[in-house]
Amino acid sequence: VLMARISCRMKLRSESRHSSLRFFIREMKANKVYRELVILAAGRSSRMGQPKALLRVPAGGLWIESQVQRARESRIFDRITIVASQAIHSFVTALFEKESVRILLNPDPSSAGSFDSLRLALEASPAASEIWVQPVDCPLPTPDILIFLAECADGGATTPWARIPVHQGRGGHPVVIIGHEAIAEVRESPILRLDFVLRHWSESKRPVSRICVDASEVITQFNTPQEWAAYMKASKSSSSSSQSIASPSLSSSLPIGGAP
């Protein structure tokens, strides 16, 4: 009798655990965040002298390949999209032909700069609930930083419209546009620069989260061969040391200074 009671209790506990797990899975599916990384690579790269996406990295391969690989290692993105210029579109399409990377063509990137490429990606991504914006001339942070940015609690009673990594007081990339309303506003915005859109949101009291991270890559940018060489040198010297993550620093009203 005693063994029968113990068996019954164990069965009930097991059913309870399975029920809780099924509930948790249903909740995850119901609240699924469709996260898309958009790499903007349609610029003319006039100061670099060659397309930045096709720069060679010391470890082998191309810069754009290393960025896609880093994004995949984080395992947080449902889709990776590259917006390419006419000059590199065919090459990049062939490069990722056997991989699940979407390549979009911006036939006239000079009309509104990178914002035009971003708008093109937003129009092609109606299902996305988070758009992570990453210019190709800014290195994508390490997977642990990306995971932190995805999982950090924003705090407050309202969901932010955007999330920006901050290092040493400077906003960086990737900029995360959060929610269909925010994505639609960027897509339809007459303001043709994302940093100006973010500043407008802050000034108009729309919540923008600024997340402090101990990772200089979020504010790194290279436009010339000299800046590229300096970044490669710094990246090589720091590859043996891991980057730490600070606690989130959140604000819905701090001004957005400079390019995000």
Side-chain angles (χ1 to χ4, degrees), residues 28-43 67-68 71 74-84 100-106 109 111-136 138 140-141 146-166 171-211 218 248 250-256 259-260:
M28 283 201 309
K29 290 181 178 179
N31 298 300
K32 168 65 177 172
V33 175
Y34 190 94
R35 207 172 272 122
E36 180 169 348
L37 173 66
V38 175
I39 301 176
L40 305 175
Q67 296 303 278
V68 169
S74 72
R75 303 181 68 180
I76 66 169
F77 297 110
D78 296 283
R79 172 182 277 171
I80 299 172
T81 294
I82 300 171
V83 184
S100 56
V101 177
R102 180 172 65 168
I103 314 297
L104 299 177
L105 170 65
N106 184 347
S111 59
S114 62
F115 193 85
D116 207 30
S117 294
L118 174 58
R119 181 176 285 165
L120 183 70
L122 297 183
E123 290 173 350
S125 307
S129 52
E130 283 189 6
I131 297 289
W132 292 51
V133 184
Q134 184 71 24
V136 74
C138 299
L140 199 66
L146 292 173
I147 292 168
F148 174 73
L149 290 173
E151 294 182 347
C152 67
D154 290 299
T158 58
T159 300
W161 280 44
R163 187 180 303 127
I164 306 169
V166 175
H173 287 92
V175 171
V176 187
I177 307 169
I178 304 168
H180 296 292
E181 185 177 359
I183 291 171
E185 183 154 324
V186 174
R187 186 176 62 242
E188 305 298 331
S189 175
I191 306 172
L192 300 182
R193 279 183 52 173
L194 182 57
D195 56 330
F196 287 177
V197 172
L198 296 171
R199 184 177 299 164
H200 170 70
W201 286 355
S202 291
E203 292 171 351
S204 59
K205 306 303 181 183
R206 290 184 176 91
V208 175
S209 295
R210 294 167 64 88
I211 313 299
V218 302
L250 308 173
S251 173
S252 61
S253 60
L254 287 175
I256 309 299

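- At least one donor-acceptor pair under 3.5 Å links the side chain of Arg119 to the backbone N or O of Ser189.
- Arg102 meets the salt bridge (Lys or Arg N to Asp or Glu O under 4.0 Å) test with Glu36; sequence neighbours excluded.
- A donor-acceptor pair under 3.5 Å is formed between the side chain of Arg163 and the backbone N or O of Leu149.
- In this structure the side chain of Phe115 reaches within 4.5 angstrom of the side chain of Val186, judged on heavy atoms.
- Two residues are said to be in side-chain contact when any heavy atoms from C-beta on lie closer than 4.5 Å; Leu146 and Leu37 fail this criterion.
- Within the 4.5 Å cutoff, the side chain of Cys138 has no heavy atoms near those of the Pro174 side chain.
- Heavy atoms only, all atoms of each residue included: Gly172 and Val175 are closest at O-CG2, 3.6 Å.
- Summarising the geometry, atom OG belonging to Ser125 is positioned 8.0 Å from atom CD1 belonging to Ile183; distances are rounded to the nearest 0.5 Å.
- Counting only distance, with no hydrogens or angles, the side chain of Thr81 and the backbone of Val38 share no donor-acceptor pair below 3.5 Å.
- To the nearest 0.5 Å, the span separating OG1 on Thr159 from CD on Glu181 amounts to 11.0 Å.
- Listed by chain and number, the residues in a side chain to side chain donor-acceptor pair (under 3.5 Å) with Ser204 are Arg206 (sequence neighbours excluded).
- Taking each heavy atom of Leu40 and Leu118 in turn, the nearest pair found is CD2-N, 3.8 Å.
- Of the possible donor and acceptor atoms, one in the side chain of His180 sits under 3.5 Å from a partner among the backbone N and O of Ala128.
- Expressed to the nearest 0.5 Å, how far CD1 of Ile39 lies from NE2 of His173 amounts to 12.5 Å.
- Here the closest non-hydrogen pair linking Ala121 and Val83 is CB-CG2, 4.0 Å.
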Requested in this report: Using the side-chain contact (heavy atoms from CB on, under 4.5 Å) rule, take Val136 and Gln67 through it: C-alpha gap first, then chi angles, then the decisive distance, then the call.
Outcome: CA-CA 8 Å; Val136 74; Gln67 296 303 278; 5.7 Å; no

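- Contact between Gly171 and Ile164 at its shortest, heavy atoms only, is CA-CG2, 4.0 Å.
- A pairwise comparison of heavy atoms in Ala124 and Leu104 identifies CB-CD1, 4.0 Å as the closest pair.
- Distance CD1/Ile177 to OG/Ser129: 12.0 Å, rounded to 0.5 Å.
- Considering all non-hydrogen atoms of both residues, Pro141 and Val218 come closest at CG-CG1, 3.7 Å.
- Side chains of Trp201 and Glu185: a donor-acceptor N/O pair is present below 3.5 angstrom, by distance only.
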